[in-house]
Amino acid sequence: MSNVSSMRGGRSRKFKSEINVVPYIDVMLVLLVIFMVVAPLSTPSMINLPRAGKSNQPPTEYLEIELKPDGSATVGVHGKKTLSTKKREELGKRLDELHQKYPELPLMISADKDIKYDEVVQTISQANKTGIARVGLSTR
């Protein structure tokens, strides 16, 4: 009786070697529903930026850079000497020259509101590379 299938006409029974995917689909659908419900709950909220007040005593003398939207800039000592540049590449050289003459003066950057933020950051980076430690931004 060990070989029952051979008695029925010689046909052997074949085993199915398929994976049952229905439980996996059920699990994936449950996970999808969970993520769809949780995703709107974790939306980023507004960033609370700090407010900047006016400084108590602004410096009387400082290096000044005016960035204009057409790509030109003006560099100089406030109220004394100004140098105009047509290209921003010349700005670093002129700023280095003024910093060598007046190493103790801080830097004030005045930028037009239509200028990209990246250009102002690049100017601050140039000032730090020349050795200027104190950099301020002028506002209205």
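Because the structure is predicted, anything quoted here is derived from the model rather than measured.
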For this session: Go through the steps to decide whether V77 and L63 satisfy the test side-chain contact (heavy atoms from CB on, under 4.5 Å), and finish with yes or no.
Result: CA-CA 4 Å; V77 178; L63 300 176; 3.8 Å; yes

Exercise. Between Q100 and D96, is a side-chain contact (heavy atoms from CB on, under 4.5 Å) present by the stated rule, with each step listed?
Worked result: CA-CA 6 Å; Q100 297 298 325; D96 193 33; 3.4 Å; yes

For this session: Go through the steps for V135 and T123 under the test side-chain contact (heavy atoms from CB on, under 4.5 Å), then give the verdict.
Result: CA-CA 10 Å; V135 178; T123 306; over 6 Å; no

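M108 and V75 are assigned to two separate hydrophobic clusters, defined by single-linkage of ILVMFWY side chains at heavy-atom distances under 4.5 Å. Cluster annotation: L29 and V37 are assigned to distinct hydrophobic clusters (Ile/Leu/Val/Met/Phe/Trp/Tyr, side-chain heavy-atom contacts under 4.5 Å, transitive). Under a hydrophobic clustering in which Ile, Leu, Val, Met, Phe, Trp and Tyr are joined whenever their side-chain heavy atoms come within less than 4.5 Å, directly or via other members, L95 and V120 fall into the same cluster.
The nearest pair of heavy atoms linking H78 to T60 is CD2-O, 4.2 Å. Annotation for A127 and L107: closest pair CB-CD2, 3.4 Å, computed over non-hydrogen atoms. Nearest heavy-atom pair, T130 versus G92, reported as atom, atom and distance to 0.1 Å: CG2-O, 4.4 Å. Summarising the geometry of L67 relative to I115, their closest heavy-atom pair is O-CD1, 3.1 Å, with the distance given to 0.1 Å. Closest heavy-atom contact between I132 and N128: O-OD1, 3.2 Å. Closest of all the heavy-atom pairs between L91 and Q126 is CD2-OE1, 3.9 Å.
Of the residues listed (I19, I25, N20), the one engaging V22 in a side-chain contact (heavy atoms from CB on, under 4.5 Å) is N20, and it is the only one.
The structure places CD of E104 at 8.0 Å from CD of E61, a figure rounded to the nearest 0.5 Å. Rounded to the nearest 0.5 Å, atoms CD (E97) and CD (E90) are 10.0 Å apart. The line from CD1 of I65 to CD1 of I124 is 9.5 Å long, rounded to the nearest 0.5 Å.
Side chains of E64 and T74 form no contact here, defined as non-hydrogen atoms less than 4.5 Å apart.
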